[in-house]
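Quick notes on the structure that follows.
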Number of protein chains: 2
Amino acid sequence: MADPLADRLGYLLKHAQQSFAEAGAHALAPLGITGRQLAVLAVLGDAEPLSQLAAAGRLGVDRTTMVQLVDELEDKGLVERRRSPEDRRKNIVELTPLGQDTLRRGNEIHQASEERFLADLTPVETELFIRILRRLNGIDDEPAEPVSP
Amino acid sequence: MADPLADRLGYLLKHAQQSFAEAGAHALAPLGITGRQLAVLAVLGDAEPLSQLAAAGRLGVDRTTMVQLVDELEDKGLVERRRSPEDRRKNIVELTPLGQDTLRRGNEIHQASEERFLADLTPVETELFIRILRRLNGIDDEPAEPVSP
DNA sequence: TATTGTTATACTCTATAACTATA
DNA sequence: TATAGTTATAGAGTATAACAATA
């Protein structure tokens, strides 16, 4: 292999991430959102409503970036800000019905895109690959399911 | 797992890449170069001398970006441009002795950084992980070594 | 005083367009 | 005319600093 970069972990990770992101962006284009915006919707639509700062923490961005992310989604009519009654410094950000629908459809598209990206792998390879990535990200795997008696 | 991003391939790839890049940047800091600059040195120092455009192709950047990358390395005294005698439009970029030494030491640091990053994996997992990444990047694995007779 | 959201600003990375010189 | 390198410029993406409202 003549390419001196081909074995570099950083190169492999970066380009895998880039080509997956490009494929995802292309797949999501009909919905009018980016992969990043889908991730924001996923965080905001996950469980109980979040403040901007709380959502920023989940996404790993700072609060000024979060302002812009929420701006974009609000401009598209996908989320709404409202002042928290308990702490009027906070904006609670909630998905609109359109946002919820977009999240649902985006998730389906993302899932299909992920499957296409991993299509060349065997099921065993796919599972191991995801598990390793989780481990490298410091996400503990759930304990092995208890063997049914 | 409450985190709605934790299972997303894009999130896992992006954050794995980022934390590895950060670790690498930290490890390379004593050499005074970034991971990106080490990659450029690796391409330029690999085999026969390359023009800027040829190197840009290997790195997957465009020629204007390559100008800046070479500028940075030239400012540090790690590479030198010279006009190609065969085609005076081309700059042949070669590593200086300092550049060669920096590449060698950078490779050692990079290798150690990679090993630390993957330290939690078993050797089998490590090999499979790299192989899968190569496959996802469209890099053909060399054919299985012929079984010794 | 500290926290949340916001704005203005700047910095990095990268690409596009236009220019120079060479072919 | 086309190609290689360069420059100026612009566009994402992100962060820092300062400010207003609220605690």
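The sequence lines fix the lettering, A, B, ..., with proteins before strands; numbering per chain opens at 1.
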Using atom [atom1] of [X] as one end and atom [atom2] of [N] as the other, report the distance to the nearest whole Å.
| X | N | atom1 | atom2 | result |
| --- | --- | --- | --- | --- |
| B/Arg82 | C/dT22 | CZ | C1' | 17 Å |
| A/Gln37 | D/dG13 | CD | P | 9 Å |
| A/Leu69 | D/dA15 | CG | C1' | 13 Å |
| A/Asp71 | D/dT14 | CG | P | 15 Å |
| B/Arg63 | D/dT6 | CZ | P | 11 Å |
| B/Met66 | D/dT6 | CE | C1' | 14 Å |
| B/Asn91 | D/dG5 | CG | P | 6 Å |
| A/Leu53 | D/dA21 | CG | P | 20 Å |

Quick one: is [X] getting a side-chain N or O under 4.0 Å of the [N] phosphate, OP1 or OP2?
| X | N | value |
| --- | --- | --- |
| B/Ser51 | D/dA4 | no |
| A/Arg88 | D/dT22 | yes |
| A/Arg83 | D/dA23 | no |
| B/Arg81 | D/dT6 | yes |
| B/Gln52 | D/dT6 | yes |

Are the charged groups of B/Lys76 and B/Asp71 less than 4.0 angstrom apart, N to O?
-> no
Shortest side-chain distance from A/Asp62, nucleotide among D/dA15, D/dT14, D/dT7 | D/dA15
Looking only at C/dT14, D/dA4, D/dT14, the nucleotide nearest the B/Lys90 side chain is D/dA4
Base C/dA23 to side chain B/Arg89, donor-acceptor N/O within 3.5 Å cut-off = no
Is there a donor and acceptor pair, one atom on the side chain of A/Thr64 and one on the base of D/dT16, closer than 3.5 Å?
-> yes
Does the side chain of A/Ser84 pick up a donor-acceptor pair with the side chain of A/Asp87 at under 3.5 Å?
-> no
Are a donor atom and an acceptor atom from the side chains of B/Gln18 and B/Glu22 found within less than 3.5 Å of each other?
-> no
Toward the 5' end of DNA chain C, by each residue's nearest nucleotide, A/Gln18 or A/Val70 = A/Val70
Checking side-chain hydrogen bond (donor to acceptor under 3.5 Å, both in side chains) for the pair B/Gln111/B/Glu115: CA distance, chi angles, key distance, verdict?
-> CA-CA 6 Å; B/Gln111 178 70 23; B/Glu115 282 165 11; 3.0 Å; yes
Hey, which sits more toward the 5' end of DNA chain D by its nearest nucleotide, A/Glu86 or A/Glu72?
-> A/Glu72
Near A/Glu94 CD, under 6.0 Å, is it more than 12 heavy atoms from other residues, nucleotides or ligands?
-> yes
